[in-house]
Amino acid sequence: MTITDTTAPQATRRLNTSKAMVEAIAQEMRANPEVFYLGEDVGRYGGIFSSTTGLLDEFGPNRVIDTPISETAFLGLAVGAATEGMRPIAELMFADFVGVCLDQVYNHMAKIHFESGGHVRVPMVLTTAVGGGYSDGAQHSQTLWGLFAHLPGMKVVVPALPADAKGLMAAAIRDDSPVVYMFHKGVMGLPWMAKNPRSVDVVPEGEYVVPIGRANVVREGSDVSVVTISLSVHHALDVAEKLAGEGVSVEVLDLRSLVPLDREAILASVAKTGRLVAVDEDYHSFGMSGEVVATVAEHDPGLFRVAPERVTLPDVPIPYAHSLEYAVLPRHDRIEAGIRAVLR
Amino acid sequence: MTITDTTAPQATRRLNTSKAMVEAIAQEMRANPEVFYLGEDVGRYGGIFSSTTGLLDEFGPNRVIDTPISETAFLGLAVGAATEGMRPIAELMFADFVGVCLDQVYNHMAKIHFESGGHVRVPMVLTTAVGGGYSDGAQHSQTLWGLFAHLPGMKVVVPALPADAKGLMAAAIRDDSPVVYMFHKGVMGLPWMAKNPRSVDVVPEGEYVVPIGRANVVREGSDVSVVTISLSVHHALDVAEKLAGEGVSVEVLDLRSLVPLDREAILASVAKTGRLVAVDEDYHSFGMSGEVVATVAEHDPGLFRVAPERVTLPDVPIPYAHSLEYAVLPRHDRIEAGIRAVLR
Amino acid sequence: MSSTDSGPGAEVRRGLYETMVLCRTYEEAILREYHADKGPGFDIGKGLVPGEMHLSAGQEPVAAGVCAHLTSDDAVTATHRPHHLAIAHGMDLEAMTAEIFGRVDGLGRGRGGHMHLFDPATHFSCSGIIAEGYPPALGMAFAFQRRGTDRVAVAVTGEGAANQGAFHESLNLAALWRLPVVFVVEDNDWGISVPRSASTAVPSNATRAAAYGIPGERVEDNDVDAVWAAAGRAVARARAGDGPSLLEVHTVRLWGHFEGDAQGYRPELAELPGRDPIPRYAARLTDAGILDAAAIDRMKAAASERVEAAVAFAKASALPDPSDALDFVFA
Amino acid sequence: MSSTDSGPGAEVRRGLYETMVLCRTYEEAILREYHADKGPGFDIGKGLVPGEMHLSAGQEPVAAGVCAHLTSDDAVTATHRPHHLAIAHGMDLEAMTAEIFGRVDGLGRGRGGHMHLFDPATHFSCSGIIAEGYPPALGMAFAFQRRGTDRVAVAVTGEGAANQGAFHESLNLAALWRLPVVFVVEDNDWGISVPRSASTAVPSNATRAAAYGIPGERVEDNDVDAVWAAAGRAVARARAGDGPSLLEVHTVRLWGHFEGDAQGYRPELAELPGRDPIPRYAARLTDAGILDAAAIDRMKAAASERVEAAVAFAKASALPDPSDALDFVFA
Ligand SMILES: Cc1ncc(C[n+]2csc(CCOP(=O)(O)OP(=O)(O)O)c2C)c(N)n1
Ligand SMILES: Cc1ncc(C[n+]2csc(CCOP(=O)(O)OP(=O)(O)O)c2C)c(N)n1
Ligand SMILES: [Mg+2]
Ligand SMILES: [Mg+2]
């Protein structure tokens with residue numbers, strides 16, 4: 001975990017991920033009057049997934065703004081305001097809804113800087129909730145980060161742990177390029193979802209910035225590399241702890257951002273272990289898991305001591321029924337099986 | 001090339017790709033009154049890229065229907081009509097525009113069959129033009145097939161050659177699942193674009209169906225496998241012919257569809273040659289080229305005698321200026337370089 | 001239509017009341033089952049009915065008044081809050097409930113859940129994406145029109161959805177092609193925590209019909225008789241081939257946006273019981289001599305019996321087999 | 001505003017004419033350069049100016065009449081057909097032309113092309129995606145509003161675009177937040193080959209303003225004086241903090257949708273020369289004694305000189321270096 005701030009963080013205060021994220025937003029809003037937050041139910045409600053709790057009280061309705069259900073209009077508004085030098089944070093309530101507004105995202109937010117030959121900047125953050133695991137069905141459980149990451153011109157950050165949620169948010173707001181900040185509902189530490197111990201952790205107070213584009217070895221190991229992101233980092237750590245008891249040393253690499261993708265970190269880990277399990281809660285094909293595997297193969301297929309495994313959401317819409325959803329999500333059981341498969 | 005029709009095709013008649021595509025549509029429309037075509041400028045104009053030339057004259061405005069510029073409404077209309085048993089073909093003029101209507105595509109067209117537990121079918125075809133190479137800029141030159149193929153529930157077919165354009169269209173219209181049919185402007189044989197000799201070829205008359213999901217070895221070879229799709233198939237064949245003169249035997253595999261992806265064909269080819277060049281006019285990362293490489297690596301990284309190459313559109317919006325666009329497109333020069341790189 | 005202009009007769013009104021009671025009884029049962037096993041605390045992913053749950057209590061007048069004019073050959077597309085419409089349109093309660101419980105005998109064999117009820121028998125569908133249920137209704141109407149039938153499609157959304165692009169595109173296309181669609185907006189004053197005044201630039205969405213040259217009407221006060229009359233006009237117009245209409249109903253969301261919603265943003269919580277349309281309608285029909293206390297009790301009891309049978313059916317249905325999780329991607 | 005209600009004075013009218021002439025002269029030059037080297041036959045990817053080319057001949061009254069009320073501090077967002085608006089808004093002709101020629105001295109260093117002209121100096125931008133230039137205009141207006149200025153944003157689309165969802169969402173949001181935006185619809189009767197009657201359910205998009213509670217006006221007959229007056233009212237309203245307006249102008253597309261368009265779908269081709277607004281306005285101003293033949297010639301000559309200088313500048317500018325192709329993805 002990279003700390004770039006000057007004031008030494010206090011190592012004791014623990015926050016859940018949503019509070020860590022909100023703390024970064026509040027600090028940046030205090031520091032820069034051009035930062036504002038808009039989206040559906042981000043005001044009095046505080047964000048359906050607690051992404052803005054308390055911000056309305058501190059900053060008022062001129063800077064924490066509830067919008068109509070008009071994603072194209074308000075994301076486009078953020079794009080335009082950013083080109084005029086403001087620093088908007090626009091929330092798309094669920095990443096699943098990007099289909100109603102993708103054009104503003106990838107043909108405008110992500111392309112204007114390039115099309116202008118670098119003369120226009122679009123310093124905005126697009127925040128959005130991702131992920132399943134609580135039976136919200138096929139239209140409310142997708143991660144879709146592979147879709148965003150495939151389209152050039154926007155950075156894509158996906159924090160897994162509370163401190164990163166803070167530090168990456170600060171970095172995203174300060175970035176002069178558009179940044180998509182994808183928070184998994186399951187890592188937020190919400191009181192009304194399954195409790196996840198890793199969603200509460202020490203979070204530095206004060207200014208805290210994690211540079212975008214650097215993966216993090218959240219657990220060192222020598223037998224197998226689990227390369228993953230978001231909630232799957234939590235699961236992978238759980239599995240790694242369990243397998244440690246059997247004498248298996250699992251390294252867990254949290255990519256933290258998909259764009260830029262820290263290919264060196266992937267290569268370094270696989271060069272060490274020779275065994276790769278790419279774990280991805282996004283759809284299997286044409287996405288992150290393939291990119292991770294290909295990154296190693298095109299560098300040197302000889303790094304693979306055995307064929308790599310991909311533990312992913314298969315290419316199927318996400319089913320509602322708990323028994324079916326848990327069958328397709330990359331959870332502990334399947335991650336463990338993936339690791340065992342490469343340990344042959 | 002797989003022929004499933006009963007009447008033996010006449011091997012002499014040559015058509016360009018657009019006429020081959022239109023012929024299949026016309027034949028299916030004659031055979032089935034539930035088939036209709038709708039989209040922008042598909043009537044009197046005949047499709048901006050000649051995807052519907054002549055259809056209005058034969059079938060009239062009740063079956064070949066110009067729509068307002070309301071992609072969400074008319075694609076959704078197609079979805080609803082399909083659920084009622086009609087067989088719509090809806091045209092999205094450029095795949096680049098999918099951002100204004102993606103929701104109907106991936107959250108409705110592609111998911112309804114699954115969400116209904118198989119009780120509702122959505123037998124529709126979404127046709128769309130893709131690709132660059134004629135300086136149409138960042139919003140009119142994308143292929144985006146990686147985006148479509150990443151999202152489950154729709155088949156994605158991408159013909160390269162005239163006969164396949166016909167046979168895959170017939171298969172798409174007859175399929176009881178939604179099929180996205182992506183035609184590259186550069187393979188259509190349009191009179192107002194750079195002439196491409198491979199866009200005119202023998203096309204079987206009469207009923208002709210190419211099953212969806214089977215790749216095609218369009219050129220056999222033993223030294224290198226070029227795995228690709230769409231216009232890049234033409235380029236790869238050109239390069240293969242050139243290198244044959246140097247004694248290099250290049251196999252060219254035309255995937256023809258990304259969903260389903262014919263992984264066996266990829267493995268068979270690379271098992272033979274040990275050398276893979278994945279050529280993709282879509283963006284580099286999180287897309288087709290990574291999936292192709294990963295398919296081999298996860299099966300057996302030992303199949304790679306050398307590290308595979310990916311010749312792709314780098315992760316950059318597509319520039320307007322000819323010199324820049326040709327620098328980023330995977331054209332002959334870069335394909336040849338990719339092949340030479342794996343021949344070390 | 002003179003028959004609708006003069007308002008519903010006694011028989012129709014009794015039917016409207018009965019439908020509303022069935023809808024409410026259903027939602028009460030789902031409410032009970034939903035919360036039965038979410039604890040300790042509230043974990044949305046737990047229990048026999050996990051996930052988001054959007055209930056329709058208060059909005060029954062819309063469903064009853066509109067669907068009274070439809071047969072199962074007509075189509076209805078609904079939203080994330082679909083139960084009242086599904087029931088009023090005649091969906092099989094057992095298959096519907098089994099779907100909400102995620103069971104193999106559900107409409108979607110447990111794949112869909114409560115926001116994804118697809119019923120070929122009643123041409124009912126819904127979607128969890130705001131306003132995106134409108135466009136498919138155009139296609140159903142298109143198929144009905146092309147086949148020369150007088151069947152209609154009813155497309156329903158909330159007032160919050162009327163600011164989404166799909167709303168505009170759908171109304172324009174339907175008007176242009178004179179499609180037999182009735183667009184219904186359920187104005188319950190709220191889009192989650194955002195009041196209509198913070199989402200919609202005009203007080204009534206009926207105004208927006210003029211932007212498409214079609215009739216627009218707003219029914220105030222959640223009045224089922226008025227909904228019935230206005231919907232009758234709109235449905236008749238569509239059946240006659242005269243094209244679409246827009247009908248907005250000022251209704252009320254008695255409960256939270258979804259279950260678990262504490263509604264801290266909502267000032268008028270205390271007055272909600274007084275705005276419940278069902279006791280109000282019961283009193284009106286009693287005054288008019290159309291119903292009496294005994295009939296009311298009988299209707300409630302009959303509704304309970306049907307609903308509890310459906311719940312029992314759902315609970316008895318098997319859980320989907322995880323090994324089938326990849327089925328039904330392609331036809 | 002009484003000043004605009006009484007119509008433009010002589011000085012203003014001379015300026016409007018001059019602007020229209022400059023726009024037309026520009027398009028004539030681009031037309032010439034575009035077709036100069038597309039042969040043999042017509043290959044869209046060939047020549048000094050490759051790619052699609054949407055020219056604005058006939059639509060100059062919109063650009064001149066609207067932009068006359070703006071300074072370079074105000075923003076304009078345009079479409080795939082942006083040249084007349086860019087010129088009337090005061091874009092540097094050399095940087096603009098160099099971009100259209102794909103050169104390093106272009107506004108976008110050759111990355112954008114004619115549909116992607118971004119000019120921080122005049123707060124001008126455009127987009128090739130139908131109606132999607134509207135939403136960013138909201139954000140520019142938002143920034144102007146929040147900073148306490150009286151600057152405005154003008155958002156332009158064609159009549160075909162008015163059936164796209166983004167149109168609806170943008171008008172509602174701007175009305176709701178009283179953003180200083182003027183929405184302009186250039187109704188040239190056609191969206192490529194589709195006539196307005198086959199795309200739009202109402203004869204005038206001005207009607208649609210009522211759906212957002214904002215003023216809507218339609219100017220008939222491509223009349224630049226009337227455009228100037230109506231735009232003046234709308235801009236003044238926006239500057240005064242009274243929110244957005246919608247202005248539709250019935251204009252004419254004298255040439256094809258894009259170059260290479262044979263327009264076989266278009267019945268009124270023969271009558272187009274008579275609908276050219278520039279000679280008509282010249283005659284009107286001559287009748288009014290505001291212009292004479294000599295002044296008209298001088299203006300045309302001056303325009304030609306500026307335009308040819310810009311073309312020469314563009315041609316002299318270097319081609320982008322292929323080795324820089326990956327620059328400018330991130331700031
Ligand atoms: C495109 C899209 N944006 C946002 C949401 C999240 N969302 C679900 S329901 C809702 C409020 C809908 O309000 P309204 O249309 O009035 O319907 P109601 O819930 O009041 O019945 C929102 C914002 C969504 N499902 N889809
Ligand atoms: C979302 C989207 N759909 C379709 C197109 C293709 N297209 C480009 S211009 C055009 C017609 C536009 O008509 P109108 O808005 O009237 O503008 P005009 O060309 O007449 O100036 C169409 C359909 C597009 N660029 N974007
Ligand atoms: Mg509502
Ligand atoms: Mg037009």
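Each chain gets a letter, A, B and so on, in the order its sequence line appears, and its residues count up from 1.
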**Fill in**
Okay, A:Ser141 and chain C: the region with an atom under 4.5 Å from a heavy atom over there is neither
**Asked** Looking at C:Gly41, C:Gly112, C:Ala262, which makes the most heavy-atom pairs under 4.5 Å with chain A?
**Response** C:Gly112
**Asked** If you tally heavy-atom pairs under 4.5 Å against chain A, which of C:Asp321, C:Ile129, C:Val329 wins?
**Response** C:Ile129
**Prompt:** Taking the six-membered ring for Trp, are C:Phe124 and C:Phe118 ring centroids under 6.0 Å apart?
**Reply:** no
**Request:** Taking only Lys NZ, Arg NE, NH1 and NH2, and the carboxylate oxygens of Asp or Glu, determine whether C:Asp324 and C:Arg111 approach each other closer than 4.0 Å.
**Result:** no
**Request:** Establish, from distance only, whether the side-chain atoms of A:Tyr134 and A:Lys185 form a donor-acceptor pair under 3.5 Å.
**Result:** yes
**Asked** Under a 4.5 Å heavy-atom cut-off, does chain C meet the side chain of A:Ile48, its backbone, both or neither?
**Response** side chain
**Prompt:** By a 4.5 Å heavy-atom criterion (distance strictly below it), what part of A:Thr72 contacts chain C: side chain, backbone, both, or neither?
**Reply:** neither
**Asked** C:Pro322, C:Ser323, C:Gly106: which one forms the most heavy-atom pairs within less than 4.5 Å of chain A?
**Response** C:Pro322
**Prompt:** Under a 4.5 Å heavy-atom cutoff, which of C:Gly165, C:Ala325, C:Ala161 has the most pairs with chain A?
**Reply:** C:Ala325
**Message:** Would you say the ring centers of C:His83 and C:Tyr26 fall short of 6.0 Å from each other?
**Reply:** yes
**Message:** Quick check on the interface: out of C:Gly191, C:Gly128, C:Ala166, who has the most heavy-atom pairs with chain A under 4.5 Å?
**Reply:** C:Gly128
**Request:** Identify, with sequence neighbours excluded, every residue that meets side chain to side chain contact (heavy atoms under 4.5 Å, CB included) alongside C:Asp261.
**Result:** A:Tyr45, C:Arg253, C:His257, C:Phe258, C:Gln263, C:Tyr265
**Item:** Short side-chain donor-acceptor distance under 3.5 Å, A:Tyr37 and A:Thr127
**Value:** yes
**Message:** If you take the centroid of each ring, where Trp contributes its six-membered ring, are A:Phe286 and A:His150 closer together than 6.0 Å?
**Reply:** no
**Top contributor to chain C interface from A:Ala194, A:Ser135, A:Pro191 [non-hydrogen pairs under 4.5 Å]** = A:Ser135
**Prompt:** Pick from C:Val194, C:Leu319, C:Asp327, C:Val49: which one has the most heavy-atom pairs with chain A under 4.5 Å?
**Reply:** C:Val194
**Asked** Which answer fits A:Phe94, side chain, backbone, both or neither, if we ask what part of it has an atom under 4.5 Å from a heavy atom of chain C?
**Response** side chain
**Prompt:** Between CG of A:Asp282 and CG of A:Leu147, what distance do you get to the nearest 0.5 Å?
**Reply:** 8.0 Å
